[in-house]
Protein chains: 4
Amino acid sequence: MAQKSTPAPRRMPRQDRSRAMVDRILDAGQEMLIAHGYDGASTNRIAAAAGISPGSLYQYFPNKDAIAAAVIDRYSDQLSARVAARVSERLDQPAPHYVRESIAALLDALDVHPDFLRAVMEQTPRLGSGSKLLAFEQRIGELTVAYLTINKGVVRPDATFETAAWMLVRMVEHLCVRYILDQPAIDRDTFIDEITVMALNYLRPWPTPPEDCFP
Amino acid sequence: MAQKSTPAPRRMPRQDRSRAMVDRILDAGQEMLIAHGYDGASTNRIAAAAGISPGSLYQYFPNKDAIAAAVIDRYSDQLSARVAARVSERLDQPAPHYVRESIAALLDALDVHPDFLRAVMEQTPRLGSGSKLLAFEQRIGELTVAYLTINKGVVRPDATFETAAWMLVRMVEHLCVRYILDQPAIDRDTFIDEITVMALNYLRPWPTPPEDCFP
Amino acid sequence: MAQKSTPAPRRMPRQDRSRAMVDRILDAGQEMLIAHGYDGASTNRIAAAAGISPGSLYQYFPNKDAIAAAVIDRYSDQLSARVAARVSERLDQPAPHYVRESIAALLDALDVHPDFLRAVMEQTPRLGSGSKLLAFEQRIGELTVAYLTINKGVVRPDATFETAAWMLVRMVEHLCVRYILDQPAIDRDTFIDEITVMALNYLRPWPTPPEDCFP
Amino acid sequence: MAQKSTPAPRRMPRQDRSRAMVDRILDAGQEMLIAHGYDGASTNRIAAAAGISPGSLYQYFPNKDAIAAAVIDRYSDQLSARVAARVSERLDQPAPHYVRESIAALLDALDVHPDFLRAVMEQTPRLGSGSKLLAFEQRIGELTVAYLTINKGVVRPDATFETAAWMLVRMVEHLCVRYILDQPAIDRDTFIDEITVMALNYLRPWPTPPEDCFP
DNA sequence: CATGAATGAGCTTTCATTCAT
DNA sequence: CATGAATGAAAGCTCATTCAT
C-alpha cells in the first residue's frame, strides 16, 4: 500500500561494496607481499595494484600493518576452511586413516599458495600477536586434545594430552610448511606417511619392553 | 730489536684489527636487531652502537643485509659450537641418552639468547639463502644419518635414512625454538623427555608381531 | 488552511534550518579549534562533531578557512554584544567610572571562553582581513573618538582624537587579552585599576604650571 | 717543538661549516615563512630554498617546528641586539629622552623586516613556549623594573614596579607591532611621541587634585 | 682507511575537496 | 540537499648509501 520505505535494493549495497573493496585491497596486498616482501609492499604499491588511490586504503585499514595482518588472517581462514572441509568428510574413518588424511589435507591446503606461504613465513615480521594463525594452531590443538581424549585407549598412559597436542600440532605444521618451502627430495606420499608415523608412534603404547621377550 | 722507523710493534696486525672491527659491528648489529627488530636496526644505529662512522660499515660489509646475515651466521656458529661441545662429550653414552642429551644441548644453546632468537625468527626476513643456519641443519642432518646408519639395528627397516634425518632435524629444531619463544606450560624436563620420545619412537621398529613372542 | 500536499507545516522553514545548521557547524568548528588548534581542526573532524557528512560542510561554506573565519566572526559578535550590553547600562556614570567599567566589561567578556581566545590568538592564522574582529576594534575606536569629543575638556589639548583612540583601543584590548592568556601575578581589580589609569592618564592635561596656583 | 697536535686549520672547520649551514637553513626558513606562511613553509620547500636536500635539514634540526622556532629565535636575538645597541648609547640621557629613544629603537628594529614580523605574528602558531621572544619580553621587563627603581622619585608612590613593568612592556611592544603591521594614518614621530606620553604619564605622580587649586 | 655530511628516492599517512548516488 | 567514498597531491620524515676530505 504505502510506498516501500526502503529504496530499491541496489546491485551493490554499501556493505557489499565495502566488502568487495576490502577484498580488492587484500588481493593487492597479497600480491605485493609475494612479489616484493613485506618491506617492499609499500602502501602506494598496494593501492596501485588495487586500482585505487593511496588515500582510499585508509578508509578500510588504519595502517599498513593492519593490511598485512588482514591478508594473513584471510589466508588463515582459507587454510582453516580448506582443512576443515576435508577433515569433516572423514570423521567416520578409522583413526590412522583420519590422521593421515588430516595431514594430507593440511599439506594440500598449504600448497595452494606456496609463494604466499613463503612470503609470510620468510619475509613478514610477526605483527600483532593476535593473528588468526595462532588461533588456527590453538583450534587444531584443541581438536587434537579432543581426539586424544576419545582415543585414550591407544595412547600411552603417561602422556599429558595438552603437552602432546602442543607438540604434535607444531611438529605437523612446521614439517608440512618446510616440506613445501624447501622441497626436499622426498616423495609426497612418503612424506605424508612419515609424518603420520611420527605422530602416531609418538603416543603409541609400546608393548612391554622387548627384553622381556627375549630373556 | 725493534725496528726504529715503526715506533712500536702493533699489537694488532691488519687482519686482526679488521677481524676485531667486524666483531664490534656484529655485536652492535645483534644488539640493534634485538632492541629494534630488522627494520629498526638502521645502519646508522649499528654504526653508532659500534662506535664507528656510518661510512666505515661499508668497509667491512657491502650493505645492510650482509651485516644481518653475518650476525645470524655468527650466531649459527655459536649454536653449532655449543651443541657440538656438549654432544661430543657423550659420544660413548647409550643411544637414547645420547639423543636426549643432544636435544637438551640444543635447547640450552637456543636459550642463551632467547631475545635474539626471537628477533631472528620473528623480525628478520630470510636473507641470502646461503645462511649458515641451513648449513647447521645440513650438518646435523648428516650426523643423524650417520647415527642412524650405525644404529640401524633398532630402526624400523622401511625407513630411508635421509628422509628420516630431514624430518627429525626439523622437528627437533622447530619444537625447541617454539618452546623457548612461546614458553608453553610444559616443564622443561618433561619437554625434553617428550621430544626425545617423539624422535626415538618415530623410527622404532614395531616389535615382531606379538604372536612371535608367545608362540 | 494548511495545504494538503505538505503533510504538516515544518517548524523550521528553509532559511531557519540553514541558519541552525550553520550554527551547529560553527559550534563544532569552535570546539575543534579549541581542542586541536587550527591545523588539527580538520574538516572531517568538524563535520563529525557537527553530526553531518564532510560533503555537507561545503553546502554552507566554500572551504575550511571560511569556517574558521565565521567562527571567529561569531565570537567577535558575541564579544561585541557582551561589552555593549554592559557599557550601555552605565552611560550616565561619570567618565572615569565609565572607562573603568568598559575595561572590566571587556575583560569579563574575553574571559568567557579563555581557551577559545587562546586558540584564536595563538593557533589560528589571520585569515581574510575582513574579519569582524577588526570591525570590533574599528567600532570601539569610533566610540572612543566620540567619548573624547564629548569630554574634550579634560583631554590635553594637543591630542588628535583619532590617533589617541587608535592607541587606546589597541592598548586596552591587547593588555586584557594578555592578562587572560598569560595570567600574570596581578590581582584582577588591580589590573583593571592600572589599565584604567594608563588610559586616563594618557590624555590627562598636565595641570597649568604650579606657579599659577601659588602666585 | 712537537708537531701541532691539531691539524692545520681548514678554511671552514667543522663547526663553522655547520654554523653556515644552519644559517642557510634559517634564511630559507625565514623566506618561506614570509612567502607561504607557516603551513605553506614545507620542509621540502625550505630545503630547496636552502639549496640542500630534504634529508639534510634533519641533520641540523629534529623537525619542522624546530626550524621555525630557531628562525624566530634568531629574529628575537637580532631584535634584542638592535635595540640594545641603540639604547646603550644613550644611557646618560635624561629619563624622558631615554624612554623615547628606547621606543624609537624598538620601532625601528621591528621595521627592519616588516614582512617577517607579519608572518610571525599572523601566520605562525605559538610553538614551544620557551621561545626567545618571551625571554626578550622578560628581559625588557626586568630592565624596566630596574629603571623604575632607580627613578622611583618621579613615579607615583602607589605603583607596584612589577605590575607596572608588565603593563608597560606589553603595551609598548604591541603598539609598535601593530603600528608597523597596520600602518595607521599616524605620523611616525607623532606615534613615538604618543606612546612615550602613554608610558610616562602612566606612572607620573600627578599633583594634588586640581580642585584644591581652584576652590 | 676513517669520517660523517650529504644525498634523494621513497616511505606512511593526512586531508581539503569533489561528485555519483 | 545530504551523503560519504574516493581522490591525489603533498606533507613530514627516514635511511641505505656515497664520496670529498
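Within every chain, numbering begins at 1; the chains are lettered A, B, ... in the order of the sequence lines, protein sequences first and strands thereafter. Scope of the values below: all heavy atoms of this structure, side chains included, with no hydrogens, waters or symmetry mates.
Between the CZ atom of B:R19 and the C1' atom of E:dC1 there is a distance of 18 Å, rounded to whole Å. In this structure, A:M32 places its CE atom 12 Å from P of E:dC11, rounding to the nearest Å. Separating the CG atom of A:D39 from the P atom of E:dG10 is a distance of 15 Å, rounded to the nearest angstrom.
With distances taken from any side-chain atom of A:N44 to the nucleotides E:dA16, E:dA5, E:dT13, the minimum falls on E:dT13.
Side-chain atoms of C:Q30 and C:R74 include a donor-acceptor pair closer than 3.5 Å.
Taken residue by residue, residues 46-71 of chain C places heavy atoms nearer than 4.0 Å to DNA chain F at C:I52, C:S53, C:P54, C:G55, C:S56, C:Q59, C:Y60.
Just one of A:L26, A:L57, A:I52 meets the side chain to side chain contact (heavy atoms under 4.5 Å, CB included) condition when paired with A:I46; it is A:L57.
With rounding to the nearest 0.5 angstrom, the NZ atom of D:K132 is 10.5 Å from the CD atom of D:Q78.
Listed here is the closest heavy atom pair of B:R126 and B:V120: NH1-O, 3.6 Å.
The side chain of A:R17 places no N or O atom within less than 4.0 Å of a non-bridging phosphate oxygen (OP1 or OP2) of E:dT21. Distances shorter than 4.0 Å separate some side-chain N or O of A:T43 from OP1 or OP2 on E:dT12.
The pairing partner recorded for E:dC1 is none, the criterion being a Watson-Crick or G-U wobble arrangement whose two distances lie under 3.5 angstrom. The nucleotide F:dC15 finds its pairing partner in E:dG8, both defining distances of the Watson-Crick or G-U wobble pair being shorter than 3.5 Å.
Relative to the six-membered ring of B:Y38, B:K64 meets both conditions, a distance below 6.0 Å and an angle of at most 45° to the axis.
Mapping C:S42 and A:G40 onto DNA chain E by nearest heavy atom places A:G40 closer to the 5' end of the strand.
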